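Encoded as structure tokens, the structure appears first; notes follow it.
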Amino acid sequence: MPQTETYILNMGPQHPSTHGVLRVNLELDGERILRATPMMGYLHRGIEKLLEARTYVQGVPYTDRLDYVSSMNNNFGYCRAVEELAGIEVPERAEYIRVIMAELNRIASHQVFIGSLANDLGASTGMLYTFRDREEILDLFDLVCGARMTFHYIRVGGVARDLPPEFAEKCRKFLDRVPEFTAEYANLLMGNEIFQRRLKGVSRLTPEQALAHNMTGPNIRATGIPFDIRKVDGYSVYPRFGFEVPVGENGDNWDRFQVRFREITESARIVRQALDGLPEGPVMAKFPKMLKPPQGEVFSRTEGTRGELGFYIVSDGTAKPYRVHIRRPSFINMQALDDMCRGYLIGDSVVAFSAIDPLMGEVDC
Amino acid sequence: MNAMLENGVVATVAGVLREYLMLLFGNQFLTDLIMKFIGIGAVIGVILSAAIVFTYAERKVCAFIQVRLGPNRVGGRFGLLQPFADMLKLMSKEDIIPAGCDRVVWALSPMLLFVPSALAYAFFPFDKGAVFADVNVGVFLLIAISSQAVLPFLMGGYASNSKYAMIGGMRTVAQMLSYEAPMVFSLLGIVMLTGSLKMSDIVAVQADNVWFVLLQPVAFVIFVITATAETNRTPFDLVEGESEIVAGAFAEYSGMRWALFFLAEYANLLAVSILTTTFFLGGWSGPVLPGVVWFWLKALFMVFFFMWLRWTLPRTRIDQMLSLSWKVLLPLALANVMCTGIGVYIYRWL
Amino acid sequence: MFGKGLMTGMGITIRHFFGRKATFCYPEEKLTMTEHFRGGHLTIDYKKCIACQLCAIQCPNQAIKLKVVTDANRKRHLESYVHSMGRCLYCDLCIEGCAPHALSWDKNYEISTWHKEDLVHQVITDEDRAYLADVMARAAANPTPPPAPKAPPKPAAKPATPSPETEVKPGE
Amino acid sequence: MKDYIGAPLLAALQQAFPSAEYDSEAAQPAVFVPAAELTALLTFLRDDGRFGFARLENLTAVDYKTYFEMVYHLFAWGANTWITVKVKLDHEAPSVPSVTGVFPGAAFEEREVYDLMGIEFSGHPDLRRILLAEDFTGHPLRKDYRQAAPPKVPRLRREGGRVYAAD
């Protein structure tokens, strides 16, 4: 008696489009996916444990290595948590600079998203264009902090050093170019009928599903829920800037792409406002060199590029944290992968990985 | 000189060569045999040099579109020796045979793939009178031979004992078979206009009248789309689908075996460009310049066009691709055949 | 109309095909590094260094191993200073922690090596060693008398004269 | 955290769950609850109109050497209030009911805690190690975890066709 069986395909950890070392166990019926199980841990470095053995200040460079495409946002989240724990007041200028850096980094990260999505769809040219434009942001970061990838610029109590004098001008020049290159991406990719057909109506999630999976960031906003910590918590100096939270309608891959694409423009708006209103003053708060926060615990969250980035720190009154837990958005968003792949085709699964935009450094921590 | 242009450069040269050989041997049969071998050598040379030139061209076109410089180290500023370096690399690579593969089928697949793509070159009219085998069922034979390329892909995919390769093999069958049909129907209109299946006749009719791209624009579009699908290039490169199924049917091949796949791919690319030139762009016909130059200009433009498409467009999905073929292209091609038929009828009636 | 977007995309790519290229031919052309560039080898201005070991204490990943000697005048000098580049996070904390501004990066980014073992950089040069020997010899030749209350060295503290080597284990 | 849950609501919570304890002196008191009542309490917090804590923002565990503490951070979006719920667990055989029934999005975080802390979650649909290998022994985030020494593999280096033992 002939019998049909399902086909198990292990995508990754070495695969051209799994964004690092993600492995997805696909159960297939022909080309159709019956089940997708993400398996991670190939990049697990134990950053939570490492942070327990470092002082609070020494911990900052390790957060660079979590989500290495948007290190500034990780620095920001960790430093905010430590400051809240130790009761450090950050100077206003430093807060403005932090917002500028975080938003520039958000633009850079979304460019990587657009590029890698295009590449996974087979249009590798789109990837080269986004990376070419991302270089300009990296040049700005290089000017400010001397690194292009692991910035370690936002520090506990402020930022590492003041902005160089030529920064404002160069940054404005870049901001002027934002409409230019977004128009180019829109013409090359968004207007493209094949691109639209690959994304629209694929990997659809309802708002209820997204909430059940505890998704955050652009992934939940694509389903139409305007959950953005910058608005919800209004931390740092974000309430002073006017910006919108782009939301999608259908919760499909097209909306995930659209939300991130429009966030580039919104982030550019924030950066411009922050540059205009940049106050004078110190960029570093005064606090003892050997920082010993009082006994206690804190859970502080910020809007990272991939969603809600939370740091839970327990202090026992010594110079080193007793326990650090990082709520990594990509890790939790990965739970939705199964729902996003089930019933779709192999080609869509690749797009689904891309659309969640996981960064394995962050997923595996 | 004018006579040479009139008869075609290649044909004239071949005629001169034949006379010399006739003088040398004085034997009709031997001369014919040698002439055939020279022809075969020339065609193989065209394929091999096409592969070499196109690897370089593809890298450069891709790089220029992607605001890069492309090869610029091996062989001077323009990296002219890059294809040779690639070739050396491929030849010196280890021949890895995957465990559990079907050895015979696995080894046969790349060779069999190369045969139909090389065989198709026998029917191409490179110049006036320069057709290796100008058979009177040329178009029919060409399509029959080129559709044989499906089988080696399936063989390679099946024999590799790899899951990605298996999916790639299956996709090839679905893709190539479903695009064969609209391709044939798009050519039918031309055959109806020409009234002949002979390749040289098709070109001759265009040289006397007008290029078929103007008479059959719909067929031209359908043919270009199906040709992209037949050569497995983006937007229809689902067979390779690098970011989905790694490299499809030839995921497990390496070194020279892989190079054969590569060679076949570029031979196919040139083949479909030549076909487009022959069927729609008037083949070797053109003013002033010798026919063979016109022919290559047009063919290379088509090659560039396919590369340009590849590096701009994203990949379609398998269901979209199949429904495009069966639901859009095939009805369109049939309607085109019908319209052509009516048109031809009205033309004759007038 | 279907196909309009495709045509627009093709227009963009053909424009870039003939447009200016962004490639930077690296080994022939080289970028100048920015002022705060972090990377390359650590360099030390030996005469400025006060051997306070703060850099090694600041280092989050214990990438700096140094040995300190004390001369006859109880002045501390570096005897060896090893930077394990394989462990280094390039976080800049050592340089920012250096009070006399003796440490800096040499901004040479071509630091790849063939072997993992080569990822160890001896920061102190031969010139510095010669200088150290000179200083030690001079201090030994005319030692200033040690201050009276500190004459008996505490056993737990770092020994002053005869075996002046103390290896610092930074961090934990 | 923006606004912590107010004292009146905390009192109301304790009325509904007499076994729930909190330090009324502290500024942001965590609510301690016995493991058996955890899911009931979280369901109550999620569904009751006065609280509306529909989002489980964070789930983790802390090893306090003599006992474990499960930490749940809940957030009510409309009211923008927070609450911390904690469960003390025995250090020898820590086990806690899984909250995936209340918040399905906790599945991966519970797997992570199980993997790195070694806390059993009864009723979890798919309790496997998530970051470490299946055959890994020990739970690295515990304070008493000691890493086994890496195996000694002699390093070789090759120079000019000769092989040296690297130091």
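Just so it is clear, the model here is predicted, and its values are computed rather than measured. All values below come from the heavy atoms of this structure, side chains included, with hydrogens, waters and symmetry mates left out. First the proteins, then the strands, lettered A, B, ... as listed; each starts at 1.
At a 4.5 Å heavy-atom cutoff, D:Ala54 makes no contact with chain A through either its backbone or its side chain. Both the backbone and the side chain of A:Met334 come within contact range of chain D, judged by heavy atoms closer than 4.5 Å. Using a 4.5 Å cut-off between heavy atoms, D:Asp63 contacts chain A through its backbone alone, with no side-chain atom that close. Neither the backbone nor the side chain of D:Ala133 comes within less than 4.5 Å of any heavy atom in chain A. Interface remark: A:His44 contributes side-chain atoms only to the contact with chain D (heavy atom separation under 4.5 Å). Interface residue D:Ile130: backbone and side-chain heavy atoms are both found under 4.5 Å from chain A. For D:Pro140, the part sitting under 4.5 Å from any heavy atom of chain A is the backbone (N, CA, C, O) and nothing else. Of the two parts of A:Thr37, only the side chain, counted from C-beta on, holds a non-hydrogen atom closer than 4.5 Å to a non-hydrogen atom of chain D. Only the side chain of D:Arg128 comes within less than 4.5 Å of a heavy atom of chain A; its backbone N, CA, C and O stay farther away. With a 4.5 Å cut-off on non-hydrogen atoms, D:Leu59 touches chain A through its backbone but not through its side chain. With a 4.5 Å cut-off on non-hydrogen atoms, A:Leu43 does not touch chain D at all.
With chain D as partner, the option from A:Val314, A:Asn214, A:Asp316, A:Ile332 having the largest number of non-hydrogen pairs under 4.5 angstrom is A:Asn214. Across A:Arg323, A:Met40, A:Glu308, the residue that shares the most heavy-atom pairs under 4.5 angstrom with chain D is A:Arg323. Between chain A and the residues D:Phe75, D:Trp77, D:Phe103, the largest count of heavy-atom pairs under 4.5 Å involves D:Trp77.
Side chain of A:Glu48 to main chain of D:Leu141: no donor-acceptor pair is present (N/O by atom type, distance under 3.5 Å, no hydrogens or angles). At least one donor-acceptor pair under 3.5 Å links the side chain of D:Asn80 to the backbone N or O of A:Val232.
Checked against side-chain hydrogen bond (donor to acceptor under 3.5 Å, both in side chains), D:Lys86 has the following partners two or more places apart in sequence or in another chain: A:Glu297, D:Glu69.
Side-chain contact between D:Arg55 and A:Thr216: present, with at least one pair of heavy atoms (C-beta onward) separated by less than 4.5 Å. Put simply, the side chain of D:Asn58 does not reach to within 4.5 Å of the side chain of A:Arg301, judged on heavy atoms. Counting heavy atoms from C-beta on, the side chains of D:Glu112 and A:Arg328 come closer than 4.5 Å.
The aromatic rings of D:Tyr64 and A:Tyr322 lie parallel to each other, their planes meeting at an angle below 30°, with 60° marking the opposite boundary. Using the six-membered ring where Trp is involved, D:Trp82 and A:Phe299 have ring planes that are perpendicular, over 60° apart on the 30 and 60° scheme.
Atom NE2 in D:His73 sits 9.5 Å away from atom NE2 in A:His325 (nearest 0.5 Å). Atom CG of D:Leu131 sits about 5.5 Å away from atom CZ of A:Phe331, to the nearest 0.5 Å.
Residue-environment remark: CD (A:Gln209) exceeds the threshold of 12 foreign heavy atoms within 6.0 Å.
Every pair passing side-chain hydrogen bond (donor to acceptor under 3.5 Å, both in side chains) that includes a residue from residues 133-151 of chain D is listed here, sequence neighbours excluded: A:Glu52-D:Lys143.
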